[in-house]
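Have a look at the structure below, then the notes.
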Amino acid sequence: MWSVLDEHLWHSCDILADLVEGRLDRRPPIATTARIQRGDRVLAVGPAQRASWRALGDGSYVQESGFVVGRPAFVLAGVAATAIANSARRNRAARDAQPRWVLDGPGEVTISVYGMYFAHPTSPLGLYWDSDGWRAIDLVAPDAFQASFVDTRGQHVTVRVHSPWASLMFALAARSSFPAHPRLLGRSWLPPEFEEHCARAGRPCRPAARLLVDGVDGQDRPQR
């Protein structure tokens, strides 16, 4: 059975093979609203979602004073209710201070030779494949590219971009900045026996996983 993800992986292999073999000029131009640098080339565009590993709060909360006036029974009930409310606020603040994956929202991802740009009104994301800010990358699922990096404010950020183009993003980042990444060298950024799966489906797949490791005639990696 041929899935939507299979289609994106097949095209990713075709794109990467053209990139390594220096044949990108034969590919048709792809439209995008993202700003592209001079000399860059768009490789793919599509819907995506961004998620960030972060806390929702800093552990602080507003505590009620619990000052109650009236009969003793009323005062005791009011104090107890205030204590319960403060305990709930404290527990919620403690939970919010724990980092977790937070969905930032859907948008459009543009992937190019130089990097990627995720368009979103409040949580945009732009990354260069050869940036010095990279700390780690991974492909945590066939449709989830995870990256840790230091942003322009000097803060350590970890994000996931959920997209059928996740494998393409991982391969481009690994090729430029993590050439010894186990997934790149082990060719596991593609599902097991993906090339055989394509052949059985009548869609022979170009050997992008091998080309990214071996290169073509000693060809250098592209530089910005």
Side-chain angles (χ1 to χ4, degrees), residues 5-30 32 34-50 107-119 124-151 157-191 194-195 205-216 219-224:
L5 182 58
D6 289 336
E7 186 72 14
H8 282 77
L9 290 172
W10 187 93
H11 281 289
S12 294
C13 289
D14 196 53
I15 292 167
L16 291 166
D18 277 344
L19 174 63
V20 176
E21 294 174 349
R23 299 179 180 179
L24 287 179
D25 56 349
R26 75 187 186 106
R27 306 187 68 85
I30 298 175
T32 180
R35 182 179 179 182
I36 301 300
Q37 289 193 29
R38 187 181 300 276
D40 199 358
R41 188 181 184 91
V42 177
L43 302 176
V45 175
Q49 287 192 337
R50 168 181 167 164
E108 182 177 79
V109 65
T110 297
I111 304 162
S112 74
V113 175
Y114 292 167
M116 60 82 70
Y117 178 72
F118 173 74
L125 176 66
L127 298 170
Y128 288 117
W129 305 133
D130 63 353
S131 170
D132 292 334
W134 289 108
R135 291 298 176 264
I137 62 169
D138 202 358
L139 191 67
V140 296
D143 61 349
F145 170 58
Q146 181 171 311
S148 296
F149 55 91
V150 177
D151 66 14
V157 179
T158 300
V159 298
R160 284 180 180 174
V161 180
H162 296 268
S163 165
W165 294 113
S167 290
L168 176 61
M169 288 184 274
F170 171 84
L172 290 167
R175 178 175 184 261
S176 292
S177 294
F178 297 86
H181 197 290
R183 284 196 184 277
L184 183 68
L185 296 182
R187 308 178 188 180
S188 60
W189 56 272
L190 285 175
F194 179 71
E195 293 180 4
C205 178
R206 296 171 70 188
R210 177 183 61 78
L211 290 173
L212 284 174
V213 176
D214 298 340
V216 176
Q219 190 171 316
D220 292 334
R221 302 185 189 279
Q223 300 291 327
R224 284 198 296 115

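These numbers come from the heavy atoms of this one structure, side chains and all, not from hydrogens, waters or symmetry mates.
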Report yes if the side chains of Asp14 and Arg27 come closer than 4.5 Å at any heavy-atom pair, otherwise no. yes
Any side-chain heavy atom of His181 sitting closer than 4.5 Å to one from Asp138? yes
Within the structure provided, determine whether Val159 and Phe149 are in side-chain contact (heavy-atom separation under 4.5 Å). yes
Kindly indicate, with the supporting measurements, whether the criterion side chain to side chain contact (heavy atoms under 4.5 Å, CB included) is fulfilled by Val157 and Leu125. CA-CA 11 Å; Val157 179; Leu125 176 66; over 6 Å; no
Do Leu127 and Met169 have side chains that approach each other closer than 4.5 Å (heavy atoms only, starting at C-beta)? no
Please work out which of the three classes, parallel, tilted or perpendicular, describes the rings of Phe170 and Phe145, given edges at 30° and 60°. perpendicular
State, with a plain yes or no, whether a side-chain heavy atom of Ile30 is found less than 4.5 Å away from one of Thr32. no
Heavy-atom neighbours of Asp132 CG exceed 12 at 6.0 Å: no
Test your reading of the model: is there a side-chain donor-acceptor pair from Ser167 to the backbone of Trp189, 3.5 Å cut-off? yes
Give me the atom names and distance for the closest heavy-atom approach of Ala166 to Val161. CB-O, 4.4 Å
Arg41 side-chain N/O to Leu24 backbone N/O, donor-acceptor pair under 3.5 Å: yes
Counting neighbours of CZ on Arg26 that are heavy atoms of other residues, nucleotides or ligands and sit closer than 6.0 Å, is the number greater than 12? yes
So does Met116 get a backbone contact from the side chain of Trp129, meaning a donor-acceptor N/O pair under 3.5 Å? no
Are the side chains of Val213 and Leu185 in contact, using a 4.5 Å heavy-atom criterion? yes
Just how far is it from atom OG of Ser163 to atom CG of Leu5, taken to the nearest 0.5 Å? 9.5 Å
For the atom pair CD (Gln146) and NE2 (His162), what is the distance rounded to the nearest 0.5 Å? 8.5 Å
To the nearest 0.5 Å, how far apart are CZ in Arg175 and CG in Leu211? 10.0 Å
If you define the side chain from C-beta out and look only at heavy atoms, does anything of Thr110 sit under 4.5 Å from Ile36? yes
Locate the shortest heavy-atom distance separating Arg50 from Pro124; write the atom from each residue and the value. NH1-O, 3.0 Å
Any side-chain heavy-atom pair of Leu16 and Leu43 under 4.5 Å: no
Which heavy atom in Gly133 sits nearest to a heavy atom in Ser131, and how many Å separate them? N-OG, 3.0 Å
With a sphere of 6.0 Å drawn around CZ of Arg23, does it hold more than 12 non-hydrogen atoms of other residues, nucleotides or ligands? no
Is a side-chain donor or acceptor of Arg135 paired with a backbone partner of Val150 at a separation under 3.5 angstrom? no
Spacing of His8 atom NE2 and Cys13 atom SG [to the nearest 0.5 Å]: 13.0 Å
Residues Arg210, Glu195; criterion salt bridge (charged side-chain N to carboxylate O under 4.0 Å, His left out); working and verdict: CA-CA 11 Å; Arg210 177 183 61 78; Glu195 293 180 4; over 6 Å; no
Between Asp130 (side chain only) and Tyr114 (backbone N and O only), is there a donor and an acceptor less than 3.5 Å apart? no
